[in-house]
Structures are given as structure tokens and as C-alpha cells.
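First comes the structure, then the notes that go with it.
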Amino acid sequence: MTIETILVLNAGSSSIKFQLFKGEESVLSGQIDGLGASAWIKGKSAEGVTIMDRALSEEEAQNHNTALQVILALLKEFDPNLEVDAIGHRVVHGSSKYSAPVLVTEEVAAELETFNPLAPLHNPHNLAGIAGAKAAFPGKPNVACFDTAFHRTQEFKNEAYAIPTKYYDEGIRRYGMHGQSFHYIAEELHNVAPEVANGKVVVAHLGNGASMCAIENGKSVTTTMGFTPVDGLAMGTRSGLIDPGVIFYLIENKGMSAKEVANLLNKESGMKGLSGISQDMRDLENSDSPDAKRALDYYDNRIKRELGALVAVMGGLDAIVFTGGIGENSSQTRAGVCKGLEFLGVEIDEEANKARAKEAITISKGSSKVKVMAIPTNEEAMIARQTRAICEA
Ligand code: ADP
């Protein structure tokens with residue numbers, strides 16, 4: 001089956017992001033926000049022409065199904081003769097079973113529902129997006145592309161927690177996330193830095209959520225996120241790595257419920273909790289407050305600690321790649337992380353590091369043993385690529 005036009009959907013709890021691809025090229029993108037309340041749709045072509053920018057009616061904003069009808073109308077407005085050949089979906093969790101994307105049959109859809117407890121904040125919405133797309137595009141193939149799939153190459157020693165293995169067997173494992181982004185960067189390195197593409201690379205995906213991945217020969221060796229996205233680095237509002245003893249203490253001595261602790265660690269911690277100012281990196285970089293400076297220093301230091309661990313596990317380092325909103329744009333974070341890493345062979349070119357990575361940039365000196373780059377990620381392009389591969393197989 002030849003696939004020309006692919007719609008990529010990323011359905012969240014109250015939003016649906018969408019992007020339309022013709023071949024490898026993105027021709028249209030947009031999103032619906034505020035589902036369930038006062039929702040709004042925005043969509044524009046790759047040339048920047050606004051196709052739709054309006055509120056949804058109460059009826060349209062009811063659920064993912066009704067919202068998808070509005071996306072359908074937007075697509076028709078963009079191109080009245082448009083035929084969507086396949087739909088690629090971001091699905092956060094594929095459990096230990098899926099190490100690759102899968103065509104969503106009735107059977108697969110039922111199976112994916114059983115993964116909901118692994119990612120209760122994400123997977124049910126991703127699946128609602130799939131159900132909605134089935135109704136909106138009858139007969140067209142839907143492909144689930146998992147955030148966790150890329151990390152299924154991890155060996156037991158990197159994937160297991162040191163608790164009785166019956167829990168590992170039941171699925172309590174370090175799954176890792178941001179797989180689409182890491183996979184995209186691993187492939188992109190063949191275009192922009194082929195000399196390191198098959199080497200030992202640490203990729204730091206730094207957005208509101210953040211994780212790092214040790215990639216060797218294009219495959220994930222290990223990653224900083226674990227069973228859930230709260231593990232690893234300090235993030236916008238998530239704590240990252242924390243002694244589980246803190247959780248017991250909060251419950252037993254501070255009278256907090258499990259739900260309250262989950263809320264604390266997911267929504268009130270990270271940069272927001274540390275700075276007391278904002279979760280947004282731009283706010284912190286623009287602030288003169290010593291609390292903001294201390295939080296930023298903490299952020300860089302956590303990345304550095306994980307970098308050390310990832311490099312040690314790989315037994316070497318050929319390149320570091322920064323990506324995500326912070327990795328692509330914050331020269332301050334990149335400089336802060338790389339400062340003091342000369343012993344590893346990292347030499348940063350301060351001038352080159354001032355640039356924003358609108359496309360791949362190299363920020364290390366020519367003499368640097370380790371190549372350091374900032375590369376814009378493109379998770380949607382990766383989903384479109386995988387969807388095409390599955391449908392054309
Ligand atoms: P998400 O994980 O939601 O996809 P992004 O990858 O877009 O998020 O990253 C959002 C983060 O990127 C925010 O903390 C934001 O402050 C940061 N960011 C965006 N632009 C800049 C910039 N020019 N300088 C520093 N940080 C930036």
C-alpha cells in the first residue's frame with residue numbers, strides 16, 4: 001500500500017496536537033486546546049497561513065471524537081480534495097511488549113487498554129484519539145507509535161529495579177520515555193554528523209519533561225526516566241530522582257495521602273518548587289533572584305550527574321546532543337552542563353553556543369574530542385516515518 005498523506009495525532013487529556021505530512025514534508029500543523037471546557041482550534045500551513053483559528057462550540061468540545069470532526073473540517077478547508085491515507089498516533093506506553101510501532105487492529109486496541117494503569121495520565125487519552133480517528137477516517141490504518149519502544153533494547157541490568165524479580169516479571173521496570181525524540185536524533189545524526197552516528201552518544205531531551213539517553217550504534221543502552229516520567233532529571237514541575245524514603249516520610253509523618261505526594265512530585269516540584277518563581281526556563285534565566293540562579297545551577301548539575309552515569313555505562317563518549325525546547329534554545333543551560341567537562345574531552349566554542357538551534361548546530365570546538373551539538377527534535381516526523389513504514393510493509 002502506498003502512503004502519501006499521513007495525519008499525526010498526539011491526543012492528551014485536554015488537547016489534541018496534529019500535523020499533516022505529505023511524504024516526509026510537514027504541510028500543516030495545529031492543535032486543539034481546552035477540551036472539556038472552552039476549547040480552541042488553531043491550524044496553519046507550513047507557509048504560515050492560518051487555516052482555522054476559532055473557538056469550538058460546546059457540542060464540538062465534548063470529547064476527542066467530536067473534536068476530531070473539527071480537525072477533519074480544518075483539513076477539508078486546507079485542501080477540499082485531501083485524502084488521509086493513514087493516521088499515526090503518539091501513545092506514551094507500550095509496556096514491555098512493544099519495541100516497535102504497531103497497526104491498531106481491534107485486538108491490539110483492546111490490548112493497549114490494559115496498559116492504561118502504566119500511564120494513567122496519558123494512555124487513556126492517546127487511545128481516545130485512536131478511537132476518534134477510527135470514526136473520523138473509516139477504513140484507514142491507524143498506527144500506535146510508543147514513547148517507550150525505543151528503550152526496549154535495554155539489558156536487564158539497566159531495565160530492572162533491585163526489588164524481587166517477580167515485580168519485574170509483573171511489569172515494574174524502567175521503561176523510559178521520549179523515545180520518538182531520541183530515535184529521531186539517532187537517525188538525524190546520520191545526516192548531520194555521520195562520524196558519530198554509530199558511536200557513543202548522550203542525548204539530552206530537555207523540555208517541560210526531560211530525560212537523557214545513552215545511545216550506542218543508534219540503540220538505547222539506558223535512559224534516565226524509569227517506570228514513570230517522574231524519574232531522572234529535575235524538570236519543569238517534576239522532582240526527578242528522589243529517595244523513596246522521602247515519600248514514606250511524607251505519608252507517615254506529614255499525613256499526606258499517596259495522591260497528594262504524587263501531586264507534589266509531579267506538579268509542584270522541579271524548577272517550580274526549587275525556584276518558587278516559575279517552571280519556565282525563560283522566566284528563570286531572565287530573573288535576578290538568587291533562588292532562580294540556584295535552581296538553574298541545580299538543573300545543570302543534575303544533568304551532569306546523569307551524564308557521568310550514562311558515559312560510564314557506555315564506556316566512552318563521542319558526542320553530546322542537546323534537544324527539546326531548553327536544549328535547542330538555552331545556551332546558558334548548554335554552557336552550564338558542559339562547564340568542567342574538559343576532563344571528558346568536551347571543549348565548548350562559546351561563540352557557536354550563543355546560537356539557537358533552528359537547525360543542527362555544533363557548539364564544540366574543532367579540537368574537542370567529544371562533539372557537542374544542539375539539534376531540533378521532531379517527534380511528529382518520526383511518528384509519520386514509522387507509520388509509513390508499517391503501512392507500506
Ligand atoms: P514540551 O516538553 O512541553 O514539549 P518544550 O520542548 O517546548 O516543551 O520545552 C519547553 C521549555 O523550553 C520551557 O521551559 C521553555 O522555557 C524552554 N524554552 C523555550 N525557548 C527558550 C529560550 N529561548 N531560552 C530558554 N528556554 C527556552
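Atoms within each ligand, like the ligands themselves, are counted from 1 in listed order. The model shown is predicted, which means the values in this text are computed figures rather than measured ones.
Ring centroid separation for the pair Phe156 and Tyr168 comes in under the 6.0 Å cut-off. Between Tyr98 and His93, the ring center distance fails the sub-6.0 Å criterion.
Looking only at distances, no side-chain donor or acceptor of Arg238 sits under 3.5 Å from a matching main-chain atom of Leu265.
Contacts classified as side chain to side chain donor-acceptor pair (under 3.5 Å) and involving residues 193-211 (residues at least two apart or in different chains) are given here: His178-Ser211, Ser181-His205, Glu195-Lys371. Listed by first and then second residue, the salt bridge (Lys or Arg N to Asp or Glu O under 4.0 Å) pairs that reach into residues 333-350 come to none, sequence neighbours excluded. Judged as a salt bridge (Lys or Arg N to Asp or Glu O under 4.0 Å), not a single pair has a partner in residues 246-259 (not counting sequence neighbours).
Listed by chain and number, residues touching ligand 1 at under 4.0 Å (heavy atoms only) are Gly207, Asn208, Gly209, Asp280, Met281, Arg282, Glu285, Gly324, Gly325, Ile326, Asn329, Ser330, Arg356.
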